[in-house]
There are 2 protein chains.
Amino acid sequence: MGYQLELRHFYYFLAVAEELHFRKAAERLCISQPGLSRQIKQMEDILDVKLFIRDKRKVSLTAAGTYLKKEVDYIFNHLDFTLKQTKLVQTGSLGEVRIGFLGSAMQSVLPDLLVKANGQLPKIQFSLKELANTAQVEALEKDQLDLGFVRLSRVPQNLQLKAVFTDTFSLVLPKGHFLNKTNFTGIDQVSTEHFILFSSDYSSLYYDKIMSICEDKGFTPVVTHKSVHAHTIFKLVESGLGVAIIPTSLQKGFKMGVKFLEIPNIPQRAVLYALWKKDNRNPALQPILNFL
Amino acid sequence: MGYQLELRHFYYFLAVAEELHFRKAAERLCISQPGLSRQIKQMEDILDVKLFIRDKRKVSLTAAGTYLKKEVDYIFNHLDFTLKQTKLVQTGSLGEVRIGFLGSAMQSVLPDLLVKANGQLPKIQFSLKELANTAQVEALEKDQLDLGFVRLSRVPQNLQLKAVFTDTFSLVLPKGHFLNKTNFTGIDQVSTEHFILFSSDYSSLYYDKIMSICEDKGFTPVVTHKSVHAHTIFKLVESGLGVAIIPTSLQKGFKMGVKFLEIPNIPQRAVLYALWKKDNRNPALQPILNFL
DNA sequence: CTAGTTGATAACCCATAGGCATTATATATT
DNA sequence: AATATATAATGCCTATGGGTTATCAACTAG
């Protein structure tokens, strides 16, 4: 009785919540299973809340435990970041902004931002990580990221979207393809070709847009390959395995045996959005957002 | 060495940061001053950051300490809030209930429930999904739903049924049909008409009930169309393609070229049931069930 | 110079986190 | 039905380290 919750309890709780197995969690924590069991029990006693259901042969989280895990995840990430920042404040190099991005943001938006920020706010450092849309959303909610660059139209309530770059779409063809700038009139001219697209789990919004471009012209594309990297897609096109549709700006920086034809007269646009948590606590984020 | 930061360190840190006085802070914490001094020193060693300036006769925060205090204040408030919420989740006064329903439940039962629940349990959120009977049963068993609204008489053992709304049946006729409130005596008057019904795979119980209504009156209806949406059925009736039998309350909310005549002197009733898993683990479900 | 602050240091004490051995219970196997 | 194997919980013990008191060192005020 009269015990106090300590960080230890939360570390242990997270380990068990992730492993859903006391012995494995204990191994990961480098302590014995009985010790772990006892600490978790103590935690439940202090909180007066059942966190785990030890049922039959498996352990699972209660609703309360599920809720707590999500919050503790966030709190720990925020705490880690805070402690790192505290040290930076001491050394005077205050300010780190953790940025996640889709590869396509590296074409222009992100480099522009970094150059501008470096010029005017030299004390703010950046850590960059290439991540898929969904991974960025999760990382933002857990406070593992401060800012994301995504292609999504709908995000959770507590996140804020802002369009930062609107792009047209271009058709990617092998060098020797009969279509060129003068005789290319519309996407329906390649309706019988095989298509190579970005994976829908990498960016479902992008995937749907491509499909709608084709459907507006009255055909459903035959998709033979999917990839997450522009380079791979270009390589596949170059090899004659099909054609692709990509945001126009993606062609920058690639020298390959393919040609790009901007698709005329379509309403679809590839929109890149900046994304951040509305109540983000990082003071370095605001000045960065002002550049967008 | 090799120590770990614990919540205690942060509690102590906050006390000193507020009092700016070790003895007073120690008093407030009900520990001795030397103990406090040692814990703060340990904290600074672990973080490798100087948090306080002990200068001459007064204590003050370093820049790093000031930053840390602000963040730890926030983190502790958030943690307190989280722990309180966790307890609420356990008691079921906070949480999410996932509800599946037949379109016809939206006429009165479900809106009533939601209004009542929102009034008395504003912290419980709902996610709603329109699903057929069988889909709801499957979703309930998979724990993708907490509560369903179905028209079924028999369900698997581990599910619980409860009647929540009993309705009479009405005949749906085109506006110009010769039958009306005064000359309508029984369903046998339309025994030769074509019938439009809900699909039996959408609700087999409903389908069987309709058939039994007719069979009780000595005829088997000629079913020419089936649909899953009330709106579609009304449209088909309006177009003169047949007549329909529906639960009386379904007419609410539709303005169409059809008329409704309640069928007198029949024992059949359209019963809407609430359905849930007996050993559902969601604590938010119980208080909702109490409203039924 | 003395009295009265302040926080830091030293040496001891004991509460308790964690280890080991074991039990209790459920599932899988024979 | 009996046995084997897996799980988490329980009981007892040890030793780490947080908290104690006593003291020191440094500063200020009178």
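Protein chains get the first letters and strands the later ones, always in sequence-line order, with residue 1 at the start of each.
Using bins of under 30°, 30° to 60° and over 60° for the plane-to-plane angle, the ring pair B/Y206/B/F198 lands in the perpendicular bin.
Put simply, OH on A/Y3 is 14 Å from C1' on D/dG18, counting in whole angstrom units. If you measure from atom CZ of A/F10 to atom P of C/dA17, you get 14 Å, rounded to the nearest angstrom. Nucleotide D/dT7 holds its P atom 14 Å from the CG atom of A/L20, rounded to whole Å. Atom CD of B/E19 is separated from atom P of C/dT5 by 17 Å (rounded to the nearest Å). Regarding A/E6, its CD atom lies at a distance of 12 Å from the C1' atom of C/dA17, rounded to whole Å. C/dT16 atom C1' lies 16 Å from atom CG of A/L5, rounded to whole Å. Taking atom CG of B/L36 as the reference point, atom P of C/dG7 lies 9 Å away to the nearest angstrom. A straight line from NZ of A/K58 to P of C/dT27 spans 10 Å, rounded to a whole angstrom.
Of the candidate nucleotides C/dG18, D/dT7, D/dA9, C/dG18 has the atom nearest to the side chain of A/Q39. In this structure, the nucleotide among C/dA8, D/dG19, C/dG18 sitting nearest to the side chain of B/R8 is D/dG19.
Taking 4.0 angstrom as the limit, B/Q42 places a side-chain polar atom (N or O) nearer than this to OP1 or OP2 of D/dG18. Phosphate proximity of C/dG18 to A/Y12: present, with a side-chain N or O under 4.0 Å from OP1 or OP2. At the phosphate of C/dT6, OP1 or OP2 sits under 4.0 Å from a side-chain N or O atom of B/R23.
Between B/F149 and B/F165, the ring centre distance reaches or exceeds 6.0 Å. Taking the six-membered ring for Trp and the full ring otherwise, the centers of B/F13 and B/F52 sit less than 6.0 Å from each other.
Both B/K41 and A/H9 lie near DNA chain C, and the one whose nearest nucleotide falls closer to the 5' end is B/K41.
Rounding to the nearest 0.5 Å gives a distance of 7.5 Å between CG of B/L121 and CZ of B/F126.
Residues A/Q39 and A/R8 bring a donor and an acceptor atom of their side chains to less than 3.5 Å of each other.
Heavy-atom minimum distance, B/Q136 versus B/L102: NE2-N, 3.5 Å.
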Per-nucleotide protein contact along nucleotides 19-25 of chain C, 5' to 3', at a 4.0 Å heavy-atom cut-off (B base, S sugar-phosphate only, - neither), is BBB----

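Residues passing the side-chain hydrogen bond (donor to acceptor under 3.5 Å, both in side chains) test with A/E27, sequence neighbours excluded: A/R23.
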